J.: 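If you scroll down you'll find the structure; I have some questions about it.
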Amino acid sequence: MSDDVRNLVLGLAASAISAALGWFVRTYAWRRKLRRKQRFFGLPSGSECLLVVNRDPGSRDWNVAQHDVFALLELAALIKDCRSHADILAHDATQQGFGTRTEFCVGGPVSNQRMAAHLRSMLPGIEVNTDPLPGPDRGAFTIGGETYRMEKGEVEYVLLARIAAGQDAGNDRPVFLASGQRGIANQAAARYLARHHARLSRKYGVNGTFCLLLKIVNSAAYGPDVVELVADITRPASTAPPQAVLEITAD
């Protein structure tokens, strides 16, 4: 074999090895990223999860508001990426605990009974004004003594939470909550989760619990795209407010 032929064979062999090594590294990195994403969402390949939706408060029949549908589409793409599939259930037809299947619950506590139950039991430090009458405090969030009021089309707030279930009895799947003051805020929270899940996983861990308060800025012009993180409210949201003490004095 001449030197030229030998150099050609060696060059081809080196190229093949380099290509195979590059493919292996890319595949390994992709699989590692997928596994971390699946662990964060509690969605191993082939698993099932729940999408719990509210009803459109402006409709007599059971209909899902347009922006809530868009929120479900954002979440459905995440679920598909994890190679899982979802069951969509109405908020008042879901009568089961949590932890057996990952749950994504969308909507405010007025139109979503299950969301109201989750907030009461898991995030008791959050107070939501559910007064149906128009007013400046309608839909406002009160957390840690601070009140966050909605200005329709200008400023809306939404809670985005991941609640880790207990590790006993195998019921370890998380619950994700997107509870906004308007439907467009729910969509913004779902989009924020889809875009930032890797960063959230690094910060809180794949099994962590967190609750974030997000602000949607000028939704009338920008839709659900301009979102600001107001605060990590995990601690105050998880702490029940002190009960008022009634003092009785003798006359």
Side-chain angles (χ1 to χ4, degrees), residues 34 37-38 40-119 122-123 128 139 150 152 156-163 165 173-198 200-201 210-216 219 222-227:
L34 174 62
K37 183 176 182 179
Q38 289 176 326
F40 178 74
F41 287 110
L43 294 173
S45 296
S47 61
E48 293 183 351
C49 67
L50 290 177
L51 283 174
V52 181
V53 295
N54 59 357
R55 66 175 181 84
D56 184 351
S59 172
R60 285 186 171 183
D61 300 323
W62 193 88
N63 294 318
V64 180
Q66 181 183 30
H67 287 291
D68 290 333
V69 173
F70 293 154
L72 295 180
L73 291 175
E74 299 274 1
L75 297 172
L78 281 176
I79 295 164
K80 184 178 179 181
D81 287 345
C82 291
R83 301 182 174 183
S84 302
H85 56 278
D87 290 333
I88 301 178
L89 295 177
H91 67 101
D92 52 358
T94 312
Q95 298 178 343
Q96 64 180 62
F98 62 92
T100 14
R101 292 190 286 179
T102 293
E103 177 182 337
F104 298 90
C105 192
V106 176
V110 173
S111 58
N112 188 322
Q113 296 176 10
R114 189 160 175 87
M115 178 66 75
H118 285 328
L119 293 178
M122 296 185 284
L123 298 172
V128 182
M150 170 182 64
K152 187 175 179 180
E156 289 106 1
Y157 294 95
V158 61
L159 305 167
L160 174 63
R162 182 191 191 275
I163 311 297
R173 303 293 172 83
V175 177
F176 290 88
L177 307 179
S179 180
Q181 294 173 329
R182 292 182 63 211
I184 198 168
N186 299 332
Q187 182 188 357
R191 183 168 295 182
Y192 186 93
L193 180 64
R195 290 178 175 176
H196 300 286
H197 65 83
L200 294 172
S201 175
F210 61 81
C211 183
L212 307 178
L213 179 65
L214 306 176
K215 179 171 69 175
I216 295 82
S219 63
Y222 304 127
D225 284 334
V226 182
V227 178

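Computed from a prediction, not measured in an experiment: that's the story for all the values here.
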J.: Does Ala71 offer a backbone N or O that forms a donor-acceptor pair with the side chain of Gln187 under 3.5 Å?
T.: no
J.: Nearest 0.5 Å, please: how far is CG in Asp87 from CZ in Arg101?
T.: 5.0 Å
J.: What's the separation between atom CG in Asn186 and atom CD in Glu156, rounded to the nearest 0.5 Å?
T.: 10.5 Å
J.: Roughly how far, to the nearest 0.5 Å, is CD of Glu103 from NE2 of His118?
T.: 3.5 Å
J.: Taking the side chain as C-beta and beyond, is there a heavy-atom pair between Ser179 and Pro109 under 4.5 Å?
T.: yes
J.: Is it true that the side chains of His91 and Gln113 contain a donor and an acceptor less than 3.5 Å apart?
T.: no
J.: Do His67 and Arg182 have side chains that approach each other closer than 4.5 Å (heavy atoms only, starting at C-beta)?
T.: no
J.: Holding to side chain to side chain contact (heavy atoms under 4.5 Å, CB included), I want the full list of residues that pass it with Leu214, two or more places apart in sequence or in another chain.
T.: Val158, Leu160, Tyr192, Leu212, Val227, Leu229
J.: Taking salt bridge (charged side-chain N to carboxylate O under 4.0 Å, His left out) as the definition, give me every residue that meets it alongside Asp225, ordered by chain and number, with sequence neighbours left out.
T.: Arg191, Arg195
J.: Can you find a heavy atom in the side chain of Cys105 that is under 4.5 Å from one in the side chain of Asn112?
T.: yes
J.: Would you find a donor on one side and an acceptor on the other, under 3.5 Å apart, between the side chain of Ser84 and the backbone of Pro44?
T.: yes
J.: Using a 3.5 Å distance criterion without hydrogens, assess whether the side chain of Ser201 forms a donor-acceptor pair with backbone atoms of Phe40.
T.: no
J.: Mind checking whether Phe176 and Phe210 have ring centres under 6.0 Å apart?
T.: no
J.: List the steps, then state whether side chain to side chain contact (heavy atoms under 4.5 Å, CB included) holds for Val106 with Leu75.
T.: CA-CA 10 Å; Val106 176; Leu75 297 172; 3.8 Å; yes
J.: Within this structure, what is the OG-CD distance for the pair Ser47 and Gln38, rounded to the nearest 0.5 Å?
T.: 7.5 Å
J.: I would like to know whether Phe41 and Leu193 meet side chain to side chain contact (heavy atoms under 4.5 Å, CB included); could you show each step before the answer?
T.: CA-CA 10 Å; Phe41 287 110; Leu193 180 64; 3.9 Å; yes
J.: Rounded to the nearest 0.5 Å, what's the gap from CG on Asp68 to CG on Asn54? Could you check?
T.: 4.5 Å
J.: With rounding to the nearest 0.5 Å, note down the distance linking CD1 in Ile79 to OG1 in Thr102.
T.: 8.5 Å
